[in-house]
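The structure under discussion appears below in the form of structure tokens.
Order of listing sets the numbers, starting from 1, for every ligand and every atom in it.
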Amino acid sequence: MSLDQLDAQGRLRHLLTLEGLPRQTLLRLLDRAEALRPHAFGGTALRGALAGTALCTLFFEPSTRTRSSFWLAAQRLGADVLNFDASTSSTSKGETAADTLRNLEAMGVRGFVVRHREDGAVAALATAAAPGTVLVNAGDGRSAHPTQGLLDMLTLRQAKGADFARLKVLIVGDVKHSRVARSDLHALRTLGAGEIRVCGPRTLLPEDPATLAGCTVGHDLDAALEGVDAVMMLRLQRERMQEGLVASLEEYHRDYGLTAARLRRAAPDAVVLHPGPMNRGVEITDEVADGPQSRILQQVGNGVAVRMAVLEALLAA
Ligand code: NCD
């Protein structure tokens with residue numbers, strides 16, 4: 001997939017996907033996010049960065065962490081932030097997303113953070129946008145969630161250091177329907193992760209071989225956990241049960257739930273990540289989610305810093 005998120009000089013124009021994003025660009029964003037961390041949790045020092053710039057969070061799907069952290073990130077940088085909620089807007093009267101975007105552009109909005117249930121919807125909006133407008137993909141269908149991928153890499157780097165070649169990373173669960181997993185996989189490959197393992201039931205792993213290129217694929221979680229440095233859990237999307245892809249929550253938990261006993265198979269200093277929202281007692285137990293190896297709330301905090309770095313890279317003069 002070729003996407004015009006870089007301009008002719010290789011600068012980032014939009015952030016639509018981590019696929020094909022140059023390593024240097026990815027590392028620059030991670031470094032900048034790390035530097036911005038002290039400003040992510042308070043203060044007014046950076047309020048000048050995007051002062052006078054209007055930004056809109058345009059969400060056609062629910063969100064807790066992603067939307068709130070983009071809001072905070074934009075405010076820390078001094079932007080004027082508008083929130084567009086598809087359920088209370090003219091979308092429910094049949095207005096297209098492109099028309100909504102053009103109307104907000106006409107009010108002077110320059111940046112759009114967009115989540116949409118359809119694959120490719122954010123890239124399509126980027127095509128419809130005016131030349132100076134900037135789009136950030138906050139999750140489209142099962143395709144991409146680039147800022148989640150970045151915050152996951154930042155969290156891994158903080159825990160394990162910058163040399164990804166030394167790392168064995170395991171992704172567990174519903175990779176097939178997960179935009180988070182796809183963005184993580186692109187980023188892990190770009191950063192040269194030593195070994196990428198993927199584990200889940202056959203019904204929840206992607207059929208297209210390109211998605212799992214270079215990964216060690218397995219269906220036995222106990223075996224897959226052996227010696228890994230990081231475990232990235234995914235949410236079991238309960239709607240998959242209605243589709244008959246998972247027999248029951250109990251069975252899923254038995255086979256693919258991360259318990260403290262199971263986690264002992266990983267390296268002793270292994271860390272556990274989860275993008276949220278978690279189904280406690282299904283893909284992860286309380287003991288692990290709230291335990292010493294969990295980096296789940298650190299991910300959430302990193303989300304603000306990463307989103308500041310992305311908005312600054314795209315919108316600051
Ligand atoms: C995810 C999403 O919506 O893509 N959540 C998030 O942004 N942190 C993951 C999910 O819904 O499972």
Side-chain angles (χ1 to χ4, degrees), residues 15-19 33 40 57-74 83 85-87 113-123 135-156 171-187 198-201 203-206 211 231-243 245-246 249 252-253 256-258 272-284 289 294-308 310-311:
L15 181 63
L16 304 174
T17 176
L18 298 184
E19 183 176 7
T57 52
L58 195 55
F59 277 58
F60 298 92
E61 247 194 10
S63 167
T64 305
R65 279 151 293 273
T66 305
R67 194 204 311 240
S68 325
S69 57
F70 266 113
W71 257 75
L72 278 172
N83 180 44
D85 183 348
S87 62
V113 175
V114 187
R115 171 169 287 191
H116 203 283
R117 72 190 61 79
E118 280 164 39
D119 295 303
V122 187
L135 274 96
V136 182
N137 185 357
D140 66 319
R142 36 177 99 170
S143 295
H145 193 347
T147 56
Q148 181 73 42
L150 289 170
L151 75 90
D152 288 346
M153 296 308 116
L154 186 63
T155 309
L156 278 181
I171 301 180
V172 184
D174 186 3
V175 176
K176 185 173 182 169
H177 303 96
S178 176
R179 53 195 174 209
V180 174
R182 282 180 180 74
S183 284
D184 284 338
L185 286 165
H186 290 309
V198 168
C199 182
T203 49
L204 296 183
L205 294 186
T211 304
V231 192
M232 307 179 83
M233 300 303 295
L234 298 171
R235 176 174 71 95
L236 175 67
Q237 306 186 12
R238 286 168 187 255
E239 50 278 26
R240 306 307 162 208
M241 304 228 339
Q242 278 117 49
E243 296 167 33
L245 298 178
V246 178
L249 294 180
Y252 188 82
H253 177 70
Y256 296 103
L258 188 61
V272 177
L273 281 68
H274 190 305
M278 287 186 276
N279 296 300
R280 288 172 176 268
V282 183
E283 71 267 7
I284 192 164
S294 170
R295 294 293 178 276
I296 295 171
L297 291 178
Q298 191 178 329
Q299 287 174 272
V300 178
N302 281 335
V304 181
V306 157
R307 287 162 181 138
M308 285 176 77
V310 168
L311 294 176

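- The ring-ring contact (aromatic ring centres under 6.0 Å, His included) test applied to H177 returns no partner, not counting sequence neighbours.
- For S183 (side chain) and V180 (main-chain N/O), no donor-acceptor pair under 3.5 Å exists by modelled atom type.
- In terms of modelled atom types and a separation under 3.5 Å, the side chain of R117 and the main chain of F60 share a donor-acceptor contact.
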request  = For K176 and E243, run salt bridge (Lys or Arg N to Asp or Glu O under 4.0 Å): C-alpha distance rounded to whole Å, both residues' side-chain angles, the deciding distance at 0.1 Å, then the answer.
outcome  = CA-CA 13 Å; K176 185 173 182 169; E243 296 167 33; over 6 Å; no

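- Applying the salt bridge (Lys or Arg N to Asp or Glu O under 4.0 Å) test to residues at least two apart or on different chains, none of the pairs has a partner in residues 138-155.
- Residues satisfying the ring-ring contact (aromatic ring centres under 6.0 Å, His included) test with Y252, not counting sequence neighbours, are Y256.
- Taking a heavy-atom cut-off of under 4.0 Å, ligand 1 is surrounded by R65, T66, R115, H145, Q148, R179, V180, R235, P275, G276, P277.
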